[in-house]
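These notes are about the structure you will find just below.
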Amino acid sequence: MQHLLSPSIMRLVLPVLYAVVIVAVLPLMAGYIVLMERKVMADMQARLGPMRVGPHGLLQPIADAVKLLLKEDIIPEKADRLMFWLAPLVSVTMALLAYAALPIGPAFQIADLNIGLLFILAVSSLGIYGIVLGGWASNSHYSLLGALRSAAQLVSYETAAGLGLISALLLAGSLSMHDIVMAQYDQGMWFIFYVPIGFFIYMVGSIAETNRAPFDLPEAESELVAGYMTEYSGFRWSLYFLAEYANMIIVAGIATTLFLGGWLRPFAGYHDHMPGTSIELLDALPALLVFGVALYCLFLAPKQPVRIQKIVMALVGGLCLAIAGVLAGSLFASPAVLQGVHGAFWFLAKVFGYLYFFLWFRFTFPRYRFDQLMRLGWRFLIPLALVNLITMAIALLISREWGWSLRLTSILAIVVTLAVAMFLAKNDEVDSAVPVAESE
Amino acid sequence: MSDPRTTEPTNVSTTVLGADEIILNMGPQHPSTHGVLRVKLKLDGERVVDSECIIGYLHRGVEKIAEHRSYQQFAPYVDRMDYVAAVSNGLGYCEAVEKLLGTEAPIRARVVRTILTELQRIASHLLWLGTHALDIGALTPVFYCFREREEILKIFEKYCGARLTTHAFRIGGLQYETYDGFEQDVKRFCDDFVHRIDEYETLLTENRIWVGRTKGVGILSAADAIALGVTGPVLRASGVKWDLRKAMPYAAYDQYKFEVPTRETGDTYDRYVVRMEEMRQSRLICLQGIENIPTGPIMARIGKVLKPPPGEVYHSIEAPKGELGYYIVSDGTTQPYRVRVRPPSFINLQAFDKMARGSLVADVVAIIGTIDIVLGEVDR
Amino acid sequence: MANDPSEKDSASKTPASGAVGKPAAEKPVEPSQAPSAAANPSAPPAAKPAAPAAPATPKAAAPPAKEAPPKPLPLDNELVQRLKARFGDAIHEATLDRKQAIVTIAADQLREISRYCRDDEKFDMLVDLTAVDWPKREKRFDVISILYSFAKNERVRLKAHAGENEPVPSVCEIWPAANWLERECYDMFGIVFEGHPKLTRILMPDEWQGYPLRKDYDILKQDTDWVRENLGIESGQ
Amino acid sequence: MVLNSILFYFFSALAVGSAILMVTRRNVVHGAVYLITTLLATAGVFLLLQAEFLFIVQVILYVGGIMVLFVFVIMLVNLDVSLLQYQFNRQRFVAGVLALALGAQIFVAIKMGQKSLFPMTRVPQMSPKNTEAVADALFGHFMLPFEIASILLLVAMIGAVVMAKRRV
């Protein structure tokens, strides 16, 4: 196959293949994240969540997708047709474009740009246009107000999230995502342990950036109803929906790559062998885990009330069994294949772990008011991120110049930053207590 | 560009961006107006300059109907007014007519009435907490609150067959004897409930965002509260220690010890704390009540046909929303000549404009929630 | 049925039978089903037939322990004396009905007496403000305002008689609570409170004709007019 | 190489086309969108020249930052007033002279660069890590201008805040 195509074309085939896989899998993954969200929400609220479509609601995303396709797609009469059509497209394309540099496995990366992280940030920040143009095109006062509010929120929290990321970049020394993960492998420590405050700031910034949880203000404002998405319906609305969940996965991917060691297995550097075989315990873990899930599904299958649900549960069990087989099989294959397959598993596991926090925040915290949200962003998060960046840089400098171990200096940096955070929080408290007088 | 706005702002404050005052309509069909309430807000940018509540969408003319029904026949209508606290409505009406007749319900009936009314108060506060937290964005408390409220509604259903509009009491006492296992059910609910309240507290009370959204929002001073005739938890949160169950005890409240919680600043957070404390106190009353429900008749000796002597009476009770009063004029026939209901939600809602003025649009939802109105009672 | 006989006496006896007569005639049809449905199964059947046979007897036997004498007795405590001293003949009479103080005052003095009650007598909360319609009297409306004093933990009821189109002084500046209450009184009875900041209908639609809670307000006529006006057909009521 | 030049012509055509469209649109929002496409097209050209950092800076700065501001202002200022006014003022003569001058300039540029119009030779391979190269230049060699520029921006920001503050 190699000689058939010229090398320059050959260089394109693999990335295009990955791109097709990602674009195909993404809507399915977004659908199942929605299901995961509804199930976790139900679990936290002492109820069951969707149970009717498929066993334990497993076919719910497919049902939702079909519904959205069949729903009537209304365009408001005096709306700006070109913009109304263009806005969701902009949102979705920018969200999908950001996957180009996301390293899912050591090999599974569409394009290892040497400005990878910057590219993802730039492209995901273009998503604002989708929102603002959507709000404008719907020609209704409220959706415009909602659009401008979410745009303002996105812009201000991007700075905070960006500064949070830079503190991790200091350690990595390169913008390419692949090198960042390799840096964490070389230093033998995930960056979250060196710069946890940067991770915290990035998490809060990313939640605000994707308009979720305590910051999902534009949709939930009492008079804005659904913000910029009010006038959209049917498939067009699902494009926005897909863009939002794609953004969520990207944000989780960036956090995993930068702070949680991308596709690295926990204790990546630690090598021991189970007696008698060449397999390491930690490598076998994913296979065992998925195998356990498969057994549980097969165990549940006969107990499903409806026959169709029995079949679907059995299918799911079979699918998990297959994945477990692949994972186990790769144990015996060459290290490259092992790292590739397990890398993808660990990356996805961390992404879903990170998303679980998103969902957790959504169901415990009430919503911020818009001025509180802005105050938190500008008065607390951005100064804290700056301070964290400076202290981290100093810590790095000390460890390089005077040879102290980075762990020690980073702990000092964290203590200093926390002290500053306390100070910032205290005077932030005083301001927010008197909103009325302040603006007169 | 006008100089810094030291002068009185002109009625139409035109700012550089030309965003002059806009009129914003909330309701009557709106997710967080607790029923068909329409609020016209005049906004200057984000700040509420003036507000006007337009009500009457649920007006069914209960007082007109009362003039064409006999005393017993009107009792079920009373449940439909504040449909969230039907039992206490019934208690107020029955006691008012008993006062009109000059009789009193036997002690056993009064004790059972007190227990059921206190359970209803907890149920009403639970519904308030759930919807109030939902309006401010906390998605979870509403499901916990409704789980507890379900227990109470089961007790009502076992006792009188209905969950919401119960018509649990009759003029002169009770219609049904308490079902066996009534004490155990109430005991089980009370024992379990104390942990549940702590669950809500952990979710909300120290939650920085909840405090940020409620502290300093919708402040009502004690003087304004009294002047506006506001009663109930809203009044107590403004610092006035006044509860009809203590000031003018009715039913069997004089036999039980309980506290009247009050707070000082009278903002949304204080009203939240007062109502949470009230739920704990109601639980204590129920526990004291079921210790010994006295034996004896459950119905006073009044005839089938009630013809109270001509005259008038005003009797009021401490309903979950405030002072619920009945002013009944009798002309000696079997049908009341005039029944006037003093609706706490109607008068508390009047204080909305005082609270909402100067606050932000996002707070309007919290303020409507904190007054705890039910439109059935506002419109009657 | 159980309520039938008493229904007829009430129709004839009530002074307001005049215009109300026509609807009252249909009334017995309606209520008779309601009570039988409401009459609970547990009451022994034997007792029911006995009741209609002798409607007169339960009336006498019914309220054996009725202490409140039919006519409210005159009241003369310090409050009434101070009021009389201050306002003289504006205080028409003071009675005690079912142990509740009622002071009947002249309508035009309502604002001064209310201000006096709030400032000097410490009745700082207006519990309720409503009206009762006695169409037979020449001053047909009773404007009732119920006051409560936190200090003395006591209630008093001021009753002022007002004629059909006779404006009553508004107490809005004394108790802001009166704002909506007076609007409701105007909406339901048509009593004009002069000095009220915005006296408009509060519960009924703004363009509603007639005042619902008046005794001579006939729902049926109102309904047929509305149907004829808006739908252009004859309502079959 | 063929792919390279195809892309180059595609991007430049896109840039010129959307620039023309931008000017002629009556609806301001459409104009803004076409301006964004122009900027993205020029970013594409940077990418073709292997200047990845410039590509990213162009995308983040112009399209992600400045254009968002443009769109914000367009949406906040209610436009139905300006749409009614006549868009073009009557200085036709001045416009004509300017157009001629610009035309002459372009003609001279083309005349001089005749050889490199159709780039046959490959652009010299930039060092893969041009981000470091840019960083060294900025903070090493051109430290002073960089600081002056940042102070200038700071002053501008403070000025904006003061102006906005006075109005509130």
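Fair warning: this is a prediction, and the values are worked out from it, not measured in the lab. Note that these values count all heavy atoms, side chains included, but never hydrogens, waters or copies made by symmetry. Chain A is the first sequence line, chain B the second, and so forth, proteins listed ahead of strands; every chain is numbered from 1.
Counting non-hydrogen atoms of other residues, nucleotides and ligands closer than 6.0 Å to NZ of A:Lys71 gives a total of 12 or fewer. Surrounding NZ of B:Lys354 are at most 12 heavy atoms belonging to other residues, nucleotides or ligands under 6.0 Å away. Within a 6.0 Å radius of OH in A:Tyr32, more than 12 heavy atoms belonging to other residues, nucleotides or ligands are found. Annotation for A:Arg52: atom CZ does not count as buried by contact number, only 12 or fewer foreign heavy atoms lying within 6.0 Å.
The greatest number of non-hydrogen atom pairs below 4.5 Å with chain A, out of B:Leu41, B:Ile136, B:Leu134, B:Val217, is found for B:Ile136. Residue with the most contacts toward chain A among B:Leu204, B:Asp363, B:Val364: B:Asp363 (heavy-atom pairs, distance under 4.5 Å).
Scanning residues 188-203 of chain B against chain A with a 4.5 Å heavy-atom cutoff picks out B:Leu203, ordered by number. Contacts with chain A (heavy atom to heavy atom, under 4.5 Å) involve these residues of residues 139-156 of chain B, listed by number: B:Leu139, B:Thr140, B:Phe143, B:Tyr144, B:Arg147.
Smallest separation of non-hydrogen atoms from A:Gln372 and B:Gly212: NE2-O, 2.7 Å. Shortest non-hydrogen contact noted between B:Asn207 and A:Thr364 is ND2-O, 3.7 Å.
Side-chain contact between A:Leu376 and B:Arg208: absent, with no pair of heavy atoms (C-beta onward) separated by less than 4.5 Å. Inter-residue side-chain proximity for A:Arg367 and B:Ile209 is flagged as unmet; no heavy-atom pair is nearer than 4.5 Å.
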